[in-house]
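To find a chain, count down the sequence lines: A is the first, B the second, and so on, and within it residues start at 1. Just so you know, these numbers come straight off a predicted model, no measurement behind them.
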2 protein chains.
Amino acid sequence: MPAFHTYKNPALATDLVVFGYQDKALSVLLLNRKEAPFKNGWTLPGAFVGLEETLAEACRRILDTKLGLRSIYLEQLYTFDTPNRDPRGRVISVAHFALVSQGKLTAVAGKMANDVRWFPVTDIPVLGFDHRQILSAAQERLRAKILYQPVGFELLDENFTMPELQDLYECILGHSIDRRNFRRKILDAGFVELTGEKKEGLQNRPADYYNFNKKLLPQHFHLNL
Amino acid sequence: MPAFHTYKNPALATDLVVFGYQDKALSVLLLNRKEAPFKNGWTLPGAFVGLEETLAEACRRILDTKLGLRSIYLEQLYTFDTPNRDPRGRVISVAHFALVSQGKLTAVAGKMANDVRWFPVTDIPVLGFDHRQILSAAQERLRAKILYQPVGFELLDENFTMPELQDLYECILGHSIDRRNFRRKILDAGFVELTGEKKEGLQNRPADYYNFNKKLLPQHFHLNL
DNA sequence: CCAAAAGTGTTTGCTTTACACCCATGT
DNA sequence: ACATGGGTGTAAAGCAAACACTTTTGG
């Protein structure tokens with residue numbers, strides 16, 4: 001039986017679109033490359049896939065070692081194979097996207113290597129490889145996904161207020177939503193519940209804290225926003 | 001600059017879920033393997049990806065040479081990487097699905113190799129590798145996709161009647177739909193138009209022929225069926 | 001007491017659902 | 001004429017959009 005990994009196959013890599021939410025803006029982690037190609041240019045974090053690891057494991061390895069992020073939401077996005085996407089040779093990349101909650105985000109903020117930076121999605125520099133295209137695909141996926149799966153909570157703290165959740169939705173969807181209708185639709189979907197606590201210390205009426213009800217929920221719904 | 005394709009990478013393949021619609025049933029093309037592993041068992045058609053071809057090109061190559069099918073709808077589905085999905089070694093497969101129109105389907109019916117057969121999706125044999133899982137993912141994608149992109153037409157003839165289109169939708173979605181509401185929603189979506197011809201020769205009132213209006217349409221809609 | 005932002009409910013209009021009748025053909 | 005399946009319209013219900021007032025805090 002032949003050893004298939006000795007065949008002349010394209011090389012296999014993963015690239016990661018890591019989303020975070022901070023200062024009321026959706027952001028992405030970008031890496032400043034120290035080597036050619038695209039030396040000193042910005043790209044998505046990525047790596048080649050080893051023989052002994054799954055795609056998810058390769059992604060976790062990048063997240064852990066390069067970015068200091070553990071146990072965060074991860075999902076396969078799409079496989080990119082444009083012939084000259086990598087000037088070094090034929091590399092096919094299985095892109096993934098990840099979501100970092102505000103808690104994890106601030107926890108590792110200090111430890112981050114200085115060649116890694118958050119960029120708001122509204123202000124992305126020129127990216128190397130085909131990473132602009134990958135990023136756009138990830139944004140599109142996130143936009144679609146947030147309407148039928150409880151994925152927004154991966155970007156917030158465990159406790160969040162309704163206005164915070166709405167801000168996040170508006171950031172991702174790119175348009176504003178009526179407060180009252182938003183609240184009703186989210187509550188009708190039934191995957192958040194009041195914690196009983198309130199967010200105090202603001203200059204106005206305290207907001208109720210909610211959290212994501214992980215147990216008794218339908219894993220799939222449909223929001224019309 | 002190193003030659004990346006000499007790295008120890010997992011091998012890269014594609015597997016194809018080819019859908020057809022015949023005898024009022026959604027069907028899939030399966031291949032009877034002549035070699036181990038899964039000798040004499042049924043699997044999806046597939047192949048390793050060469051260094052000089054894109055994923056889509058690899059798929060077209062399979063479709064053309066193994067199945068005699070040209071210029072049909074093709075879309076990337078998902079990349080499967082379970083560690084032991086292939087007993088021969090580490091193979092990662094970028095699954096695709098394809099849609100064969102009734103015209104093409106009958107045109108090549110005779111030329112098909114005798115180790116290739118159509119199976120209605122309601123009656124699929126045990127499949128080798130992880131192909132059962134791939135097939136299920138493809139069905140799910142098709143179900144979702146048919147509701148917001150004009151993809152059903154890829155499975156029918158150029159001209160089709162409203163009842164034919166409805167039968168197809170019911171097959172894919174797995175439930176029945178009210179005739180009058182179906183008709184209205186399809187027409188409201190605005191991507192079909194009357195040809196003026198009628199399907200005659202039945203034992204009852206002739207049905208109007210429609211065709212898919214490829215030009216002046218929004219490529220994206222939403223059907224609530 | 002004023003400004004700022006959070007919480008709540010109601011009315012209006014549209015979309016979806018459910019459903020019944022007429023029409024064209026072959027036998 | 002009758003059986004079969006195709007074409008059309010309408011009334012009722014459910015859902016989404018628009019919108020105004022009250023509440024709680026800090027200054």
Angle by which the axis turns from one end of the helix from C:dC1-D:dG27 to C:dT27-D:dA1 to the other, five pairs per end, to 10 degrees: 10°
Which residues share a side-chain hydrogen bond (donor to acceptor under 3.5 Å, both in side chains) with [X], sequence neighbours left out:
X	value
A:Arg33	none
A:Gln76	none
B:Gln166	B:Glu170

Between [N] atom [atom2] and [X] atom [atom1], what is the distance in whole Å?
X	N	atom1	atom2	answer
B:Phe221	C:dT15	CZ	P	17 Å
B:Asp178	D:dG9	CG	P	15 Å
B:Leu225	C:dT17	CG	P	8 Å
A:Asn181	C:dG7	CG	C1'	14 Å
A:Leu194	C:dG7	CG	P	9 Å
B:Asp188	C:dT17	CG	C1'	14 Å
B:Lys185	C:dC14	NZ	C1'	14 Å
A:Leu187	C:dA6	CG	C1'	14 Å

Do the rings of B:Phe160 and B:Phe153 sit parallel, tilted or perpendicular, given the 30° and 60° boundaries? tilted
Is the B:Phe191 ring parallel, tilted or perpendicular to the B:Phe212 ring (thresholds 30°, 60°)? perpendicular
Are the aromatic ring centres of B:Phe38 and B:Phe129 under 6.0 angstrom apart? yes
Hey, does the side chain of B:Lys199 come within less than 4.0 Å of D:dG5's phosphate (OP1/OP2), counting only N and O? no
Residues touching DNA chain C, which here means a heavy atom under 4.0 Å, drawn from residues 156-175 of chain A: A:Pro163
List, with names and distances, any nitrogen or oxygen atoms from the protein found under 3.5 Å away from nitrogen or oxygen atoms belonging to nucleotides 11-13 of chain C.
none

Among side-chain atoms of B:Thr161 and B:Lys198, is any donor-acceptor pair under 3.5 angstrom? no
Does a donor on one side chain sit under 3.5 Å from an acceptor on the other, for A:Ser93 and A:Asp15? yes
With sugar-phosphate meaning primed atoms plus P, OP1 and OP2, does B:Asn224 contact a base, only sugar-phosphate, or nothing at under 4.0 Å between heavy atoms? sugar-phosphate
For nucleotides 20-27 of chain D, just jot down a letter per nucleotide in 5' to 3' order: B, S or -, based on protein non-hydrogen atoms under 4.0 Å. B--BBBSS
Listed by chain and number, what are the salt bridge (charged side-chain N to carboxylate O under 4.0 Å, His left out) partners of A:Glu75, not counting sequence neighbours? A:Arg141, A:Lys145
Below 3.5 Å, can you tabulate the donor-acceptor pairs from side chains in residues 171-178 of chain A to any protein atom, sequence neighbours excluded?
residue: A:Asp178; atom: OD1; partner: A:Arg180; partner atom: N; Å: 3.0
residue: A:Asp178; atom: OD1; partner: A:Arg180; partner atom: NE; Å: 3.4
residue: A:Asp178; atom: OD1; partner: A:Asn181; partner atom: N; Å: 3.1
residue: A:Asp178; atom: OD2; partner: A:Arg180; partner atom: NH2; Å: 3.0

Kindly indicate whether the side chain of B:Thr54, heavy atoms from C-beta on, has any atom under 4.5 Å from the side chain of A:Pro83. yes
List the atom pairs, with distances to 0.1 Å, where a side-chain N or O of residues 20-32 of chain B and a protein N or O form a donor-acceptor pair under 3.5 Å, not counting sequence neighbours.
residue: B:Lys24; atom: NZ; partner: B:Asp167; partner atom: OD2; Å: 2.8

Tell me the salt bridge (Lys or Arg N to Asp or Glu O under 4.0 Å) pairs involving residues 121-140 of chain A, sequence neighbours left out? A:Arg85-A:Asp130
Nearest to side-chain heavy atoms of A:Arg183, which nucleotide of D:dG6, C:dT8, D:dA16: C:dT8
Taking only the side-chain heavy atoms of B:Arg184 (C-beta and beyond), determine which of D:dA16, C:dA6, C:dT17 contains the nearest atom. C:dT17
Just to verify, what does A:Ala95 make a side chain to side chain contact (heavy atoms under 4.5 Å, CB included) with, not counting sequence neighbours? A:Leu77, A:Phe80, A:Ile134
